[in-house]
Amino acid sequence: MKNVYKNRINMYKTVLSIVKQHETIWGGTPGVVNSVNRLENSLISLNEKESAQGSVTLGVSMAREMFFENVADKMIILHDALWIYAKSTNQFELQARNHHSPSKVRNLGSSKRLIQINTLLIDLTNHGTELAFFGVTPATIENFVSLVSEYQLIALNPRMSIVSRKTITEEITRDLFEINEILQILDRLIRSFNEQESNFVLLYFNARIKVDLKGKRNHRSGAPPVEPDDGTIIE
């Protein structure tokens, strides 16, 4: 999520916290009660979407890792059979290509996995029929090829994740707009308490100033902005 969104969400949470701490001041004003409830419910919804957005890519990554564990188990067996076959027939290059420890296979990075899988598939195409003596049947190889096809779809096609993230981002943008609409009303309602509860009003509007994480300040005075955030997102 972009910093400009994070800044805004942090501001919303601070505003809600300040308002809730002073409920005794506004609790008897239905308009404020309604706006605060709407703000709180919208923030709950926003938090859920924020979590969902972060979990999409993580979920795809976890699925890929879990799937590769199964692929790796099969690769280890096939490498071992090819290594034994190569050693028994003095095929030194084939032997070197399949000299991999179980830990090395399991700890391959995502790009190296695909390279090694493709190399293994070539060796199986060329020598797979010779491996039955070492316990690797044609059915074993066929199952491995099918498993690899599924894994490659997960590893090489993250589009579903991208589409999901884009959809959630659009929903978050709509939530931000809705919350800004709520706060524009709440700003005006809170000002009505200025004469009797000036400290509360000051706290509220200080909370409404969005702090820029990049440290941008007013060019003339060197001070942070003093007007409440108006909801405009400047990229």
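Only a predicted model underlies this, so the values are computations on that prediction, with no experimental measurement involved.
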Problem - Modelled atom types, side-chain donor and acceptor of S146 and E142, under 3.5 Å - result: no

Handout entry: Option from I76, I77, L82 for which side chain to side chain contact (heavy atoms under 4.5 Å, CB included) with D80 holds
Key = I76

Practice task
Kindly indicate whether the side chain of I122, heavy atoms from C-beta on, has any atom under 4.5 Å from the side chain of T125.
Solution key: no

Problem - Heavy-atom check, side chain of R113 versus side chain of Y151, under 4.5 Å - result: yes

Practice task
Flag yes if L189 and V33 sit in one hydrophobic cluster, no otherwise; membership is Ile, Leu, Val, Met, Phe, Trp, Tyr, and two members link when side-chain heavy atoms are under 4.5 Å apart.
Solution key: yes

Problem - I44 with V36, same ILVMFWY side-chain cluster at under 4.5 Å - result: no

Exercise for the section: Indicate if L16 and F177 have the same hydrophobic cluster label, given that clusters are the connected sets of ILVMFWY residues with side-chain heavy-atom separations under 4.5 angstrom. Expected result: no

Exercise for the section: Would you please test Y85 and Q91 for side-chain hydrogen bond (donor to acceptor under 3.5 Å, both in side chains) and show each step? Expected result: CA-CA 8 Å; Y85 165 72; Q91 298 186 58; 3.3 Å; yes

Problem - Nearest-0.5 Å distance that lies between atom OG in S42 and atom CG in L183 - result: 9.5 Å

Exercise for the section: Please examine the side chains of D123 and H79, heavy atoms only from C-beta on, and report whether any two atoms are closer than 4.5 Å. Expected result: no

Problem - I9 side chain reached by I179 side chain, heavy atoms, under 4.5 Å - result: no

Exercise for the section: Tell me, please, which residues at least two apart from N47 pass side chain to side chain contact (heavy atoms under 4.5 Å, CB included). Expected result: K13, E50

Practice task
Report yes if the side chains of M75 and R106 come closer than 4.5 Å at any heavy-atom pair, otherwise no.
Solution key: no

Problem - Residues that E170 engages under salt bridge (charged side-chain N to carboxylate O under 4.0 Å, His left out), provided they are two or more places apart - result: K166

Practice task
Can you sort out the partners of F193 under ring pair (Phe, Tyr, Trp, His ring centres under 6.0 Å), two or more places apart, ordered by chain and number?
Solution key: none

Practice task
Decide side-chain hydrogen bond (donor to acceptor under 3.5 Å, both in side chains) for D187 and Y204; before the verdict, give the C-alpha distance in whole Å, the side-chain angles of both, and the deciding distance to 0.1 Å.
Solution key: CA-CA 9 Å; D187 287 347; Y204 173 87; 2.7 Å; yes

